[in-house]
J.: 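To start, I am sharing the structure in question, which I have written as structure tokens.
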Number of protein chains: 2
Amino acid sequence: MAVTIKDVARKAGVSPSTVSRVLSNHPRISTETSQKVKAIMEQLGYHPNIMAKSLVSKTTNSICIMLPKSAEELFSNYFFMELIRGIVTQASRLGYDVLISSGANEKEEVEGVSRLLNGRRVDGVILLYSRTNDPVVDFLHENNHPFVLIGRSDQYPDILSVDTDNVQASYDATKHLISLGHERIGFVSGPPELVVSKDRLKGYMQALADAGLESHPEWIVEGEFLQESGYRAMSFFMNLPNRPTALVLIDDVVAFGILRGLHELKYNVPEDLCLVSFNNIPLSELSTPPLSSIDIGIYNLGYTASQVLIQSIKNNQDASYQKRQIIPHRLMIRESSIHSVRS
Amino acid sequence: MAVTIKDVARKAGVSPSTVSRVLSNHPRISTETSQKVKAIMEQLGYHPNIMAKSLVSKTTNSICIMLPKSAEELFSNYFFMELIRGIVTQASRLGYDVLISSGANEKEEVEGVSRLLNGRRVDGVILLYSRTNDPVVDFLHENNHPFVLIGRSDQYPDILSVDTDNVQASYDATKHLISLGHERIGFVSGPPELVVSKDRLKGYMQALADAGLESHPEWIVEGEFLQESGYRAMSFFMNLPNRPTALVLIDDVVAFGILRGLHELKYNVPEDLCLVSFNNIPLSELSTPPLSSIDIGIYNLGYTASQVLIQSIKNNQDASYQKRQIIPHRLMIRESSIHSVRS
DNA sequence: CTGAAAGCGCTTACAG
DNA sequence: CTGAAAGCGCTTACAG
């Protein structure tokens with residue numbers, strides 16, 4: 001039997017209401033009473049029942065992270081863990097607990113989120129990805145639930161979101177290669193249903209256009225966030241008659257696949273092919289050669305998402321702040337892209 | 001205003017008790033009533049309030065993962081995410097939600113766990129690591145809370161735990177090198193306060209002893225689960241007058257650091273130094289050369305931990321099953337250790 | 001500054 | 001098979 005507010009009240013010779021007020025640091029309580037009650041709580045080993053509190057206060061001080069099943073294969077574990085670390089750290093600082101949930105498919109995801117939100121178990125949710133036409137986003141938006149998207153929504157532009165400016169980031173990566181003299185630049189994209197794939201493709205195209213360079217449809221391939229995709233893209237590119245001299249890659253993991261393939265075929269990076277990728281995972285500076293990569297501040301994305309969501313929960317959806325937060329990115333130039341074509 | 005059991009009851013013309021019974025599939029309820037009530041629940045969009053249910057049933061159907069702050073730097077993100085995926089998947093299958101918590105230090109960790117457990121917010125906790133003299137373990141054990149350790153406890157041998165047989169695994173790795181003819185084998189360990197470091201060191205020592213090989217104190221270095229540690233260990237070893245020809249490494253990330261250092265100094269793997277490490281993260285087969293590594297089934301460790309904990313919660317700490325579960329490991333031999341010394 | 005009372009949304013013996 | 005009642009542990013107007 002756990003000790004309750006009543007036990008404390010009895011022992012302290014006050015009413016349960018008073019104990020409750022001491023607990024929440026109610027201003028109109030005498031310092032004397034407060035101290036006495038606190039001492040007794042300590043002595044009895046009292047711990048407030050979070051569920052009971054939640055039931056009456058109609059707030060849970062918890063948020064939920066939705067981890068899409070598909071993500072397990074799509075993205076790197078590193079990416080998600082870093083995001084989670086950021087989310088949990090900031091949530092914890094603001095007094096919130098974090099629930100982590102996943103579904104085997106979109107239907108399960110909606111059901112899970114619905115159960116948690118409608119069942120009053122969490123106050124809001126963080127979505128770690130953005131697909132086009134996402135039923136989870138539809139559900140959350142329609143029912144007016146507090147949520148934040150790490151990424152961008154195609155359909156709902158004024159949704160709460162935290163994102164990289166992927167168009168700009170990709171523009172920067174491509175521009176960097178152009179400035180080295182490359183004129184034939186390829187792009188390995190991610191799954192086309194992800195908004196991030198679209199955005200990065202767009203930035204790439206724009207950079208080419210601004211530089212007056214041609215874009216060839218066969219220089220753009222779609223894949224997954226997997227080494228295999230990189231490997232396959234590599235062998236495709238290397239067999240092209242007029243192949244690119246540089247590549248922009250949707251993810252470091254894809255780059256690793258390319259690096260391995262190139263190594264097997266005895267090609268050299270950056271001499272035979274320059275590479276720039278995204279995410280700047282720690283191993284990207286350890287590969288041979290070290291990989292140029294766009295650091296998107298993953299931890300910061302998670303941290304900010306937490307912050308923004310909890311703020312919105314507390315303000316009850318008050319729209320007084322920025323709906324869309326952009327986390328700055330930074331191109332980390334390493335050996336994989338220091339070879340100038342002009343030289 | 002959320003729709004409650006009362007609303008459903010009123011609309012269905014039954015009592016709240018009956019609705020509650022329908023909800024929990026109580027056997028003594030007529031199919032007719034049940035169907036009618038279920039239809040109304042659907043129609044009204046009823047969702048049971050998890051907190052209210054929890055309050056009266058005194059069970060939360062949630063478990064908590066304690067993510068130690070120090071882990072953020074010590075272990076690879078990959079390792080933790082994989083563990084979490086396993087935990088969440090199995091918990092979700094068994095109808096449990098997963099809370100993820102962390103603390104900046106041991107004190108905060110104990111406080112967090114205490115708040116969650118005593119506050120009746122979670123039914124049990126999973127610890128992702130094992131230090132010697134861990135106050136969190138002390139707390140959990142003393143208060144008789146359901147918990148499972150992923151790893152091994154020095155002090156409490158009969159605690160619920162899921163682990164790799166690290167002594168055997170390390171023995172296997174070392175033995176593999178010995179079978180290739182190596183006689184001077186070094187070991188790069190992790191932080192000495194972690195039980196895993198001790199166990200792996202022990203297996204290494206045993207394999208040497210069994211083969212009648214000498215063990216040199218200077219062939220054993222301690223570090224962190226970081227690339228830097230590998231890098232430093234590498235430069236230490238390579239400057240030794242009578243240096244090892246092979247190394248057993250506590251973690252793949254350490255191996256990457258070594259690989260990088262060796263590459264910079266123009267040494268070759270496996271010709272100049274053979275390597276075998278632990279964890280078999282996906283990138284280990286992508287490095288140059290691909291890394292021999294012990295696969296410890298990380299996902300399986302998490303999955304099983306979830307299973308075991310929830311079972312123990314449901315059986316109310318019934319001791320009818322194995323207290324310590326061992327997840328099988330497997331040595332993945334790759335290029336980094338295929339060089340025979342005898343050849 | 002403090003207490004009595006009602007109530008959050010559910011479950012579960014106890015009757016019938 | 002179903003209902004009325006009590007209660008889980010807390011909070012919060014309403015009084016005083």
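For the numbers below, each heavy atom of this structure counts, side chains included, while hydrogens, waters and symmetry mates do not. Below, read A as the first sequence line, B as the second, and so on, with proteins coming before strands; counting in each chain starts at 1.
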J.: Can you figure out which of dT11(C), dC8(C), dC10(D) approaches the side chain of Leu23(B) most closely?
T.: dT11(C)
J.: Distance check needed: dG7(C) C1' versus Lys58(A) NZ, whole Å only.
T.: 10 Å
J.: Pairing of DNA chain C as dot-bracket, 5' to 3': ( ) intra-strand, [ ] crossing, | other strand, . unpaired, with Watson-Crick or G-U pairs under 3.5 Å?
T.: |||.||||||||.|||
J.: Could I get the full list of side-chain contact (heavy atoms from CB on, under 4.5 Å) partners for Gln35(B), not counting sequence neighbours?
T.: Thr31(B)
J.: What residues, two or more places apart in sequence or in another chain, satisfy side-chain contact (heavy atoms from CB on, under 4.5 Å) together with Asn61(A)?
T.: Thr59(A), Tyr96(A)
J.: Any salt bridge (Lys or Arg N to Asp or Glu O under 4.0 Å) pairs touching residues 143-159 of chain B, not counting sequence neighbours?
T.: Arg152(B)-Asp154(B), Arg152(B)-Asp199(B), Asp154(B)-Lys198(B)
J.: May I have the list of side-chain donor-acceptor pairs in residues 5-17 of chain B shorter than 3.5 Å, sequence neighbours left out?
T.:
residue: Asp7(B); atom: OD2; partner: Thr4(B); partner atom: N; Å: 2.8
residue: Ser15(B); atom: OG; partner: Ser17(B); partner atom: N; Å: 3.3
residue: Ser15(B); atom: OG; partner: Thr18(B); partner atom: N; Å: 3.3
residue: Ser15(B); atom: OG; partner: Thr18(B); partner atom: OG1; Å: 3.2

J.: Taking dT12(D) as the reference, what is the distance to dG16(D) when you measure between their C1' atoms (whole Å, please)?
T.: 16 Å
J.: Who passes ring-ring contact (aromatic ring centres under 6.0 Å, His included) against His141(B), sequence neighbours left out?
T.: Tyr156(B)
J.: From C-beta outward on Thr33(B), which listed nucleotide comes closest to its side chain: dC10(D), dG3(C), dT2(D)?
T.: dT2(D)
J.: Please report, rounded to the nearest Å, how far the P atom of dA5(C) is from the NZ atom of Lys6(A).
T.: 13 Å
J.: Nearest whole Å is fine: how far is dG7(D) C1' from Ile5(B) CD1?
T.: 15 Å
J.: Whether the side chain of Thr89(B) engages the backbone of Arg85(B) through a donor-acceptor N/O pair (distance < 3.5 Å, no angle test) should be reported.
T.: yes
J.: State which residues pass side-chain contact (heavy atoms from CB on, under 4.5 Å) with Lys107(A); sequence neighbours excluded, sorted by chain then number.
T.: Asn105(A), Glu111(A)
J.: Take the protein atom OH of Tyr46(B) and the nucleotide atom P of dG9(C), then report the distance between them rounded to whole Å.
T.: 10 Å
J.: Which of these nucleotides, dC10(D), dC10(C), dG9(D), is closest to any side-chain atom of Pro48(B)?
T.: dC10(C)
J.: Pairs under 3.5 angstrom, nitrogen or oxygen only, protein versus nucleotides 12-16 of chain C, please.
T.:
residue: dA13(C); atom: N6; partner: Arg21(B); partner atom: NH2; Å: 2.5

J.: Choose from dG9(C), dT2(D), dT2(C) the nucleotide whose nearest atom is closest to any side-chain atom of Ala52(B).
T.: dG9(C)
J.: Distance check needed: dC10(C) P versus Asn49(B) CG, whole Å only.
T.: 6 Å
J.: Taking NE2 from His26(A) and P from dT2(C), how many angstroms apart are they, rounded to a whole number?
T.: 10 Å
J.: Could you check which residues of residues 34-44 of chain B get a heavy atom under 4.0 Å from DNA chain D? Sort them by number, please.
T.: none
J.: Restricting to ring-ring contact (aromatic ring centres under 6.0 Å, His included), what partner residues turn up for Phe139(A), sequence neighbours left out?
T.: His145(A)
J.: Suppose we screen for side-chain contact (heavy atoms from CB on, under 4.5 Å). Which residues come up paired with Thr60(B), at least two apart in sequence or across chains?
T.: Met51(A), Arg121(A), Ser54(B), Ser62(B), Asp123(B)
J.: Could you please name the option among dG9(D), dT11(D), dT11(C) that lies closest to any side-chain atom of Lys53(A)?
T.: dT11(D)
J.: Please answer whether the main-chain N or O of Asn300(B) pairs with a side-chain N or O of Thr304(B) as donor and acceptor at a distance below 3.5 Å.
T.: yes
J.: Just call it for Val19(A): base, sugar-phosphate, or nothing, with non-hydrogen atoms closer than 4.0 Å on any strand.
T.: nothing
J.: Which residues pass the ring-ring contact (aromatic ring centres under 6.0 Å, His included) test with Tyr303(A), not counting sequence neighbours?
T.: none
J.: To the nearest 0.5 Å, tell me how far Ile298(B) CD1 sits from Ile84(B) CD1.
T.: 12.0 Å
